[in-house]
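Remember, it's 1-based here, ligands and their atoms both numbered in the order they're listed. Because the structure is a prediction, the values reported are computed rather than measured.
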Amino acid sequence: MTVLHSFGDGLGVLIQGASRGIGLEFCRQLALDDQVTHLVATCRSPGTATELAALAAEQRGRMQVERLDVTDEASVAEAAAHTREHTDTLDVMVNCAGVLHTDDGLAPERRLADVDPEALARSFRVNALGPLLVAKHFASLLPTKRRAVFASISARVGSIGDNRLGGWYAYRGAKAAQNMYTRTLSIELARRHRGLICVALHPGTTDTDLSRPFQKNVPEGKLFSVARTVRYLLGVIDGLGPSDNGGFYAWDGTPIPW
Ligand SMILES: NC(=O)c1ccc[n+]([C@@H]2O[C@H](COP(=O)([O-])OP(=O)(O)OC[C@H]3O[C@@H](n4cnc5c(N)ncnc54)[C@H](OP(=O)(O)O)[C@@H]3O)[C@@H](O)[C@H]2O)c1
């Protein structure tokens, strides 16, 4: 069985931010794909990522779990170096790590008075700088001639053109920056990696820890399970063509304004 129909055999895939939520589900679905011969799953604490560890154990060597904290560049470099010991090519890279709120005080701002420089910096370090540092250290593993995808899971609230509600300064700003970095990467990386399609993807509101405190206002039928979201996102990745490089797309493939 395959979920990435448009790629060839012997696929190498990186899922960054795989301990839970959307990233973990990417690993679950890709583990069922016979064409994926090497799956690299990264997370910041492999010792506590029990569901990921159980999945990796079932894969008997086909799946490699590496420690990678996007706020610690040395860990990104080390994870890339370890990956190179197992494979020299990754055809699909998906950045899933993201933060909206934390137990120790990070929370989306309702109004300007709630804005806190340290919270803004924390959000930027994970949401914006994370995928950029992953690109910096892993891009040399992308193939230079054949089709490949570098995707960053972003959020519609990072769209400047689509911002009608305001608030959420740290998350909106960091996701807008993530989108800008994705677009900038799409230009530079495509010079060396001729078949590369570099995109930002909005998953839709998905039932994970990240959205849980905000789910009560989601209209009925609009809250996706992780399984549904990842099925959609894999479909979008599978259908991307050369002209999609540098774009921002929703779970159903429709373009989102910057
Ligand atoms: N869920 C939604 O409705 C929704 C909507 C729009 C966009 N998104 C985006 O989708 C992506 C995935 O979100 P999710 O819903 O799956 O969230 P989630 O369930 O809260 O998972 C967040 C993931 O990010 C990881 N992470 C956080 N900080 C990290 C760091 N410093 N280094 C490495 N990994 C780190 C977490 O690892 P730990 O387990 O170690 O904390 C966890 O694996 C995010 O980029 C999010 O912004 C989600």
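- No donor-acceptor pair under 3.5 Å is formed between the side chain of Q59 and the backbone N or O of Q64.
- The N/O atoms of H202, backbone and side chain alike, include none that comes under 3.5 Å of an N/O atom in ligand 1.
- Near G21, meaning under 4.0 Å from one of its heavy atoms, ligand 1 places the atoms 16 (O), 19 (O).
- Those atoms of ligand 1 that come under 4.0 Å of a heavy atom in G17, given as number and element, are 43 (O).
- Of the polar atoms of S45, none of the N or O atoms is found under 3.5 Å from an N or O of ligand 1, judged by distance alone.
- Remark: distances from the non-hydrogen atoms of C43 to ligand 1 are all 4.0 Å or more.
- The single protein non-hydrogen atom nearest to atom 37 (O) of ligand 1 is S19 OG, 3.2 Å, given as residue, atom name and distance.
- For ligand 1, one of its N or O atoms has an N or O atom of I22 under 3.5 Å away.
- Residues R28 and E51 are paired through a salt bridge, judged by an N-O separation under 4.0 Å between the basic side chain and the carboxylate.
- In this structure, D244 contributes its side chain and G241 its backbone to a donor-acceptor pair below 3.5 Å.
- In this structure, the side chain of D34 engages the main chain of M1 through a donor-acceptor pair within 3.5 Å.
- Atom 47 (O) of ligand 1 has Y171 OH, 2.6 Å as its closest protein atom, hydrogens excluded (heavy atom only).
- Remark: the backbone N or O of D209 is paired with a side-chain donor or acceptor of H101 at under 3.5 angstrom.
- Considering only non-hydrogen protein atoms, atom 17 (O) of ligand 1 sits nearest to L210 CB, 3.4 Å.
- Within the set P203, A97, G23, S75, the minimum heavy-atom distance to atom 24 (O) of ligand 1 is found for A97.
- A donor-acceptor distance shorter than 3.5 angstrom exists from the side chain of T206 to the backbone of G204, with no hydrogens or angles considered.
- In terms of protein heavy atoms, atom 20 (O) of ligand 1 is closest to R20 NH1, 3.2 Å.
- For R146 (side chain) and G195 (main-chain N/O), no donor-acceptor pair under 3.5 Å exists by modelled atom type.
- Contact atoms of ligand 1 toward G204: 3 (O), 5 (C) (distance under 4.0 Å to a heavy atom of the residue).
- In this structure the side chain of C43 reaches within 4.5 angstrom of the side chain of L52, judged on heavy atoms.
- Aromatic ring orientation, F224 versus W251: perpendicular (interplanar angle above 60°, classes split at 30° and 60°).
- Atoms of ligand 1 found under 4.0 Å from any heavy atom of I153 (numbered from 1 in listed order, with element): 9 (C), 10 (O), 11 (C), 45 (O).
- Residue contact check: T205 has heavy atoms under 4.0 Å from atoms 3 (O) of ligand 1.
- R147 contributes a side-chain N or O that, together with a main-chain N or O of L240, makes up a donor-acceptor pair within less than 3.5 Å.
- The protein heavy atom nearest to atom 15 (O) of ligand 1 is T208 OG1, 2.6 Å.
- Remark: the backbone N or O of F7 is paired with a side-chain donor or acceptor of Q35 at under 3.5 angstrom.
- Ion pairing between a basic and an acidic side chain is recognised when a charged N comes within 4.0 Å of a carboxylate O; D207 and R228 show no such pairing.
- At a 4.0 Å heavy-atom cut-off, ligand 1 does not touch V226 at all.
- Residues L234 and L4 are in side-chain contact: their nearest non-hydrogen atoms beyond the backbone lie under 4.5 Å apart.
- Between the choices T206, N127, L133, V99, the shortest heavy-atom distance to atom 3 (O) of ligand 1 belongs to T206.
- Against a heavy-atom cut-off of under 4.0 Å, V70 is close to the following atoms of ligand 1: 30 (C), 31 (N), 32 (N), 33 (C).
- Here the protein heavy atom with the shortest distance to atom 33 (C) of ligand 1 is L68 O, 3.5 Å.
- A donor-acceptor distance shorter than 3.5 angstrom exists from the side chain of D33 to the backbone of V3, with no hydrogens or angles considered.
- In the vicinity of G98, heavy-atom distances shorter than 4.0 Å reach the ligand 1 atoms 22 (C), 24 (O), 27 (C), 44 (C), 45 (O).
- In summary, the atoms of ligand 1 found under 4.0 Å from a heavy atom of T71, numbered by their order in the structure, are 31 (N).
- With a 4.0 Å cut-off on non-hydrogen atoms, K175 touches ligand 1 through its side chain and not its backbone.
- Among all non-hydrogen protein atoms, the one lying nearest atom 12 (C) of ligand 1 is C96 O, 3.1 Å.
- Of the protein's non-hydrogen atoms, the one nearest atom 7 (C) of ligand 1 is S154 O, 3.0 Å.
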